[in-house]
Protein chains: 2
Amino acid sequence: MDALQLFFEESHQLSQRDLGYLVDHFEKVSVPKGTVLFEQGAIVDAVYFVGEGVLHHYNYNEEGQKVTLDLHEGPCFCTNLESFSERKICQDSCVALTDCTLYILQKAKYDTLVNTNVKWSNFAKDIIAKTLMKMLNQLKAVSNKSIEQRYLELLKNNPLIVQNASIAMIASYLGTSRETLHRIRRRNILV
Amino acid sequence: MDALQLFFEESHQLSQRDLGYLVDHFEKVSVPKGTVLFEQGAIVDAVYFVGEGVLHHYNYNEEGQKVTLDLHEGPCFCTNLESFSERKICQDSCVALTDCTLYILQKAKYDTLVNTNVKWSNFAKDIIAKTLMKMLNQLKAVSNKSIEQRYLELLKNNPLIVQNASIAMIASYLGTSRETLHRIRRRNILV
DNA sequence: TTGTTAGTGTGTCATTTGACACAATTGTTG
DNA sequence: CAACAATTGTGTCAAATGACACACTAACAA
């Protein structure tokens, strides 16, 4: 079973006909570790659904240091919404940390989809709303948890991320230094 | 000029006819300081647009302490999206810290709007997408800034929030302790 | 093999933070 | 006004953190 189809079946109730119609708008590709999905300075012209694999989503701060914005583990959607929907120059980059199975929805096909039928417009609205809710819930969770708790949960829930991202990426993602994350790992060496 | 109308005119290009049609779905009310917009345990059945005023959006963590999720200053939208769109029991509360001018869009009217016409569905999608982008940009900003920088920016950009929220609310909002925020204020007494 | 580079592990130390205790101030109610 | 509650201001101290410096390891190319 295709990862994309499976994802939509579990998250939204669609008829087989609608499901097929929707999935046909995506292009399935397999890409190797190191592939750049989108990059600082360009316009992001697609939404990516990651079937399998891990992505590093980052940008550079004023001091020129890489800052990890997110570490994605499939199945999940990934794009830069601001660049994609408003055709702005993107300030972030996104790179595959493992070989990935991607399903690509080009901007032109997306636009046709959401402008022709209220069903698909509401469908897109739903996905964006769910993304927003997930983010808000994450923020809520973060505010009550120590870096150590968050690292241990990442290890438990997303072992692929911990395996494939460097300690520096993860430290930046958790909002701490490489050294502090190392102390945490040493303390929890048994876990 | 109505705050709601002004907001839509600046953020979206709509015909006068569409603008009027849209605004007619909202009910304008003035409420005093202390008014509860929505509350833990209930289902949020409206979207609120705050014309003028300041809101405290919070919940309780496992230890039973109030945690500030957000401090809103009008003009802005406010609701609990998860409760509103999926009719779930809300875990947060939202209370007016000042007298407020509110524009209320009931769930039933919202549903009619987004289900009848692809224009309004895309309009709602846009607002949700903008909210998500704003949140992502805030997160990006936060990761590079100290609590002190963030407090000083809040003071500069949202003086009404600093004036009307307690030091404890703001400390929780910034993710630090009351004492630390106090040290920051003492250091920057001249600002 | 050697050299090079990127990433990781480690120790030291000055600073910052949170927690706690309590004083001072403000606001509210009878 | 007095009494009380809520909020804010303050000092002390142990613990956590970031910054820095450098050793160690792994991967890779020449």
Side-chain angles (χ1 to χ4, degrees), chain A residues 32-34 36 54-56 58 60-68 71 93 95-99 142-152 154-155 159-191, chain B residues 32-36 54 56 58 60-68 71 93 95-99 142-152 154-155 159-191:
Chain A
K33 174 175 170 172
V36 176
V54 176
L55 302 180
H56 185 212
Y58 63 94
Y60 292 90
N61 65 13
E62 304 81 30
E63 288 95 43
Q65 299 153 323
K66 264 192 196 181
V67 177
T68 297
L71 292 164
S93 303
V95 175
L97 295 179
T98 64
D99 295 352
V142 163
S143 70
N144 291 320
K145 281 174 192 155
S146 66
I147 304 282
E148 183 151 2
Q149 279 178 296
R150 288 171 59 204
Y151 173 72
L152 293 175
L154 189 71
L155 187 60
L160 285 178
I161 288 178
V162 178
Q163 274 166 44
N164 291 290
S166 74
I167 193 173
M169 288 175 191
I170 300 172
S172 169
Y173 173 64
L174 295 174
T176 189
S177 68
R178 201 177 58 81
E179 291 91 333
T180 297
L181 180 55
H182 182 260
R183 288 172 191 141
I184 290 171
R185 286 182 120 161
R186 188 165 32 173
R187 277 204 286 280
N188 293 282
I189 202 132
L190 302 171
V191 182
Chain B
K33 172 175 170 172
T35 301
V36 175
V54 177
H56 184 212
Y58 63 92
Y60 293 90
N61 64 12
E62 305 80 31
E63 288 94 44
Q65 300 153 323
K66 265 192 193 180
V67 177
T68 297
L71 292 164
S93 303
V95 175
L97 295 179
T98 65
D99 295 352
V142 164
S143 71
N144 290 321
K145 282 174 191 152
S146 65
I147 304 283
E148 183 149 5
Q149 278 177 295
R150 289 172 58 203
Y151 173 73
L152 293 175
L154 190 70
L155 186 61
L160 286 178
I161 287 178
V162 177
Q163 274 166 44
N164 291 291
S166 74
I167 193 173
M169 288 176 192
I170 300 172
S172 169
Y173 174 64
L174 295 174
T176 188
S177 68
R178 200 175 58 80
E179 292 92 333
T180 296
L181 180 55
H182 181 260
R183 288 171 191 140
I184 290 171
R185 288 182 118 160
R186 188 165 32 172
R187 278 203 287 278
N188 294 281
I189 203 132
L190 302 171
V191 182

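Numbers restart at 1 for each chain; the letters A, B, ... are given by sequence-line order, proteins then strands. Only this structure's heavy atoms are used, side chains among them; waters, hydrogens and symmetry mates stay out.
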Exercise for the section: Please confirm whether any donor atom in the side chain of B/Arg183 sits under 3.5 Å from an acceptor in the base of D/dG11, or the reverse. Expected result: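 In this structure, the two groups form no donor-acceptor pair.
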
Exercise for the section: Confirm from the modelled atom types if A/Arg178 and C/dG9 form a donor-acceptor pair under 3.5 Å, side chain to base only. Expected result: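 It does, because a donor-acceptor pair links the side chain of A/Arg178 to the base of C/dG9 below 3.5 Å.
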
How long is the line joining [atom1] of [X] and [atom2] of [N], in whole Å?
{"X": "A/Ile184", "N": "D/dA15", "atom1": "CD1", "atom2": "C1'", "result": "14 Å"}
{"X": "A/Lys145", "N": "C/dG18", "atom1": "NZ", "atom2": "C1'", "result": "20 Å"}
{"X": "B/Leu181", "N": "D/dG9", "atom1": "CG", "atom2": "P", "result": "9 Å"}
{"X": "B/Ile147", "N": "D/dA16", "atom1": "CD1", "atom2": "C1'", "result": "15 Å"}
{"X": "A/Glu63", "N": "D/dG18", "atom1": "CD", "atom2": "C1'", "result": "14 Å"}
{"X": "B/Ile167", "N": "C/dA24", "atom1": "CD1", "atom2": "C1'", "result": "14 Å"}
{"X": "B/Tyr151", "N": "C/dT16", "atom1": "OH", "atom2": "P", "result": "19 Å"}
{"X": "B/Ile170", "N": "D/dT8", "atom1": "CD1", "atom2": "C1'", "result": "12 Å"}

Exercise for the section: Let me know, please, whether B/Ala168 or A/Thr180 comes out on the 5' side of the other along DNA chain D by nearest nucleotide. Expected result: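 By nearest-heavy-atom nucleotide position, the 5'-most residue is B/Ala168.
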
Nearest listed nucleotide, side chain of [X], among [options]:
{"X": "A/His182", "options": "C/dG18, D/dG18, C/dG9", "value": "C/dG9"}
{"X": "B/Ser166", "options": "C/dG9, D/dT8, D/dG9", "value": "D/dT8"}
{"X": "B/Glu179", "options": "C/dT17, C/dT10, C/dA21", "value": "C/dA21"}

Exercise for the section: Flag the pair A/Leu71 / A/Leu97 as yes when at least one side-chain heavy-atom distance between them is below 4.5 Å, and no otherwise. Expected result: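 Yes, their side chains come closer than 4.5 Å.
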
How many angstroms lie between atom [atom1] of [X] and atom [atom2] of [Y], to the nearest 0.5 angstrom?
{"X": "B/Arg186", "Y": "B/Leu181", "atom1": "CZ", "atom2": "CG", "answer": "11.5 Å"}
{"X": "A/His56", "Y": "A/Ile170", "atom1": "NE2", "atom2": "CD1", "answer": "9.5 Å"}
{"X": "A/Ile161", "Y": "A/Met169", "atom1": "CD1", "atom2": "CE", "answer": "11.5 Å"}

Handout entry: A/Glu148-A/Asn188 side chain donor-acceptor pair, cut-off 3.5 Å
Key = yes

